[in-house]
Structures are given as C-alpha cells and as structure tokens.
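Beneath this line is the structure, given in structure tokens, with notes to follow.
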Number of protein chains: 2
Amino acid sequence: MSYESSPYKEKKVISIGTVKDLTGLSVRQIRYYEERNLIFPARTEKGTRKYSFSDVEMLMSIADKREDGVQTHEIRKELKKAQEHIQKEKLRDTMIRGQLNAHFNMIKR
Amino acid sequence: MSYESSPYKEKKVISIGTVKDLTGLSVRQIRYYEERNLIFPARTEKGTRKYSFSDVEMLMSIADKREDGVQTHEIRKELKKAQEHIQKEKLRDTMIRGQLNAHFNMIKR
DNA sequence: CGTGTAAGGAATTCTGACACG
DNA sequence: CGTGTAAGGAATTCTGACACG
C-alpha cells in the first residue's frame with residue numbers, strides 16, 4: 001500500500017500536444033504549471049518536453065484544484081508536503097530493514 | 001495467466017519519433033511494419049500516428065525476428081495465429097461462463 | 001523484399017514578451 | 001496571479017516516389 005509500480009506509468013514519452021488532448025488543458029497552462037514546479041517533464045536532446053502518464057494524472061488533479069480556486073502556490077505546498085511524507089516513509093523502511101538485518105546477522109554468527 | 005491489464009500499456013499516445021528512440025528502429029522501418037499489418041497505430045485528427053507501449057514492445061519483437069532473417073510475411077502469419085488463439089480462448093471463456101450461469105439459474109429457481 | 005533518401009507541405013514545439021484582469 | 005496570443009525559428013511528421021540490392 002505504498003508504491004505504484006507499472007513500468008509504463010512513469011515513463012516520459014508523451015508530447016505536450018497529446019497531454020493537451022488527454023487533459024483538456026491548454027499548452028500554455030501545462031507549461032505554466034511546470035514553471036510553478038508542479039510537474040517535471042523530461043526533455044529530449046532537441047528540447048521538446050516529454051510527459052508520463054503520472055504527469056498527466058497530476059495535471060488533472062491540478063486542474064481540479066484550480067477549478068476550486070486553489071492557487072498554484074498552495075498546490076505547490078501540498079505537493080511538497082506529500083513528497084516529504086514519502087521521504088519519511090522511505091527512511092522508516094530503510095531503518096526497519098537495517099534493524100532486521102542486524103538481527104539476522106546476530107543470529108547467523 | 002491470460003490478460004495484460006495495465007491501463008497505460010495499451011493507450012496510444014507516443015509519437016513516431018519517440019518510438020524511434022525507444023526501439024532504435026528508423027521511422028521508415030516503423031512505417032513499413034505498419035504497411036505490412038504488423039502494428040496498428042492510432043491517428044490523431046491531423047493524421048499523425050500514435051503508438052502504445054504495447055506497440056513499442058511488438059516492434060522490438062519484430063526487430064528481433066528481422067535480425068534472425070524472418071520476413072515480415074512470416075511474422076504476419078505468426079501474429080495472425082496468435083490472434084486466432086486469443087479469439088478461441090475468449091470464446092471458450094464465454095461458453096464456460098454460459099454453462100456456469102445456466103447451472104446457477106437452475107439451482108436458484 | 002526491406003530500407004534509405006530527397007521533396008514539398010503541413011502541423012508541432014520552443015522561447016520570450018506583451019496584454020488583461 | 002493565471003492565461004491568451006502573435007512572432008520567429010527550429011524540429012517533426014506525412015505522403016508518394018525513386019534507388020538499390
């Protein structure tokens with residue numbers, strides 16, 4: 001109950017025009033939400049943006065919040081909080097693993 | 001042990017240039033394999049091709065076979081066979097379901 | 001058969017900027 | 001703040017065709 005792990009969901013392969021079709025947002029809006037650090041598309045060597053399905057979902061969530069009058073700055077804060085939460089979870093997992101390993105090593109020797 | 005069901009794998013959102021990068025094939029080759037009915041990209045209203053991750057995987061499999069000297073015509077035949085097999089599986093499932101439903105209905109009444 | 005390439009045109013994407021409310 | 005738009009340029013994609021082995 002923590003990780004999404006479809007290999008396809010995170011792959012950055014969708015160009016901005018397709019993202020526009022998928023989300024109903026304008027390319028202007030899509031680029032602007034990037035400027036506000038809400039999404040982080042990859043770039044090809046030539047500089048064109050590539051989005052993942054995950055990015056598309058995030059954009060739809062942003063669109064919902066914007067419709068409710070939430071400002072990008074607020075959305076940014078929520079996002080940061082969510083990311084910190086994930087970091088803490090990872091750290092906790094790492095530490096539990098460390099403890100378990102320590103125990104096993106004690107037993108084995 | 002029958003169906004692939006990631007919602008993302010089948011969605012046609014990748015343009016031909018990205019498919020080229022993903023597969024290492026030339027756009028000429030990618031279009032040619034379509035002409036030979038080995039892949040079936042979608043088209044946008046403007047006519048540009050859109051591929052799914054599934055298409056990308058098929059292309060990689062085609063590339064492997066071509067390297068082994070298999071002609072597109074042969075690959076086409078294999079593909080047709082595989083598709084017929086899937087059809088039969090679906091039919092069998094449908095009939096089993098029908099039988100089961102018939103049984104349940106008998107019991108219920 | 002399978003692939004490369006040049007040709008011409010249409011559609012896409014990019015950036016930086018001005019406009020508006 | 002959030003979004004539209006016109007501007008200029010670069011890169012993408014499309015089709016039909018000729019070339020080659």
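Chain letters run A, B, ... following the sequence lines, proteins first, then strands; residues in each count from 1.
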Next on the checklist: Could you check whether atom NZ of A:Lys50 has more than 12 heavy atoms from other residues, nucleotides or ligands sitting under 6.0 Å from it?
Outcome noted: yes

Checklist entry - What do you reckon, is CZ of A:Arg97 surrounded by more than 12 foreign heavy atoms closer than 6.0 Å? => result no

Rounded to whole angstrom units, what separation is found between the [atom1] atom of [X] and the [atom2] atom of [N]?
X	N	atom1	atom2	result
A:Leu25	D:dG2	CG	C1'	12 Å
B:Glu67	C:dG2	CD	C1'	14 Å
B:Lys12	D:dT13	NZ	P	17 Å
B:Lys65	C:dC1	NZ	P	19 Å
B:Glu74	C:dC1	CD	P	12 Å
A:Glu34	D:dG2	CD	P	15 Å
A:Arg36	D:dT3	CZ	C1'	13 Å
B:Gln29	C:dG4	CD	C1'	10 Å

Checklist entry - Between A:Tyr51 and A:Val13, does a side chain to side chain contact (heavy atoms under 4.5 Å, CB included) hold up when you go through it step by step? => result CA-CA 6 Å; A:Tyr51 303 83; A:Val13 296; over 6 Å; no

Next on the checklist: Could you check whether B:Lys65 pairs with B:Glu78 (Lys NZ or Arg NE/NH1/NH2 to Asp/Glu carboxylate O, under 4.0 Å)?
Outcome noted: yes

Item to check | Note: B:Arg43-B:Glu34 ion pair, threshold 4.0 Å (strictly below) | outcome: yes

If you look at every heavy atom in [X] and [Y], which pair is closest and at what distance?
X	Y	answer
B:Leu79	B:Asn37	CD2-O, 3.9 Å
A:Leu25	A:Lys20	O-CG, 3.0 Å
A:Ile14	A:Ser52	CD1-C, 4.1 Å

Table of protein N/O atoms under 3.5 Å from nucleotides 18-21 of chain D N/O atoms:
none

Which nucleotide in the list [options] gets nearest to the side chain of [X]?
X	options	answer
A:Ser26	D:dG4, C:dG2, C:dC14	D:dG4
A:Lys46	D:dT12, C:dG2, D:dC14	D:dT12
A:Arg31	C:dC14, D:dC14, C:dT3	C:dC14
B:Tyr32	C:dT3, D:dT13, D:dC1	C:dT3

Item to check | Same cluster (ILVMFWY, side-chain, under 4.5 Å), A:Val56 and A:Phe40 | outcome: no

Hey, does the side chain of [X] come within less than 4.0 Å of [N]'s phosphate (OP1/OP2), counting only N and O?
X	N	result
A:Ser15	C:dT13	yes
A:Arg43	C:dT15	yes
B:Tyr33	C:dG2	no
B:Arg49	D:dT12	no

Item to check | Strand DNA chain C in bracket notation, Watson-Crick/G-U under 3.5 Å with | for pairs to another chain | outcome: |||||.||.|.|.||.|||||

Item to check | Residue whose closest nucleotide on DNA chain D lies nearer the 5' end, A:Lys50 versus A:Thr72 | outcome: A:Thr72

Next on the checklist: For the backbone of B:Ile96 and the side chain of B:Arg92, can you confirm whether one donor and one acceptor N or O come within less than 3.5 Å of each other?
Outcome noted: no

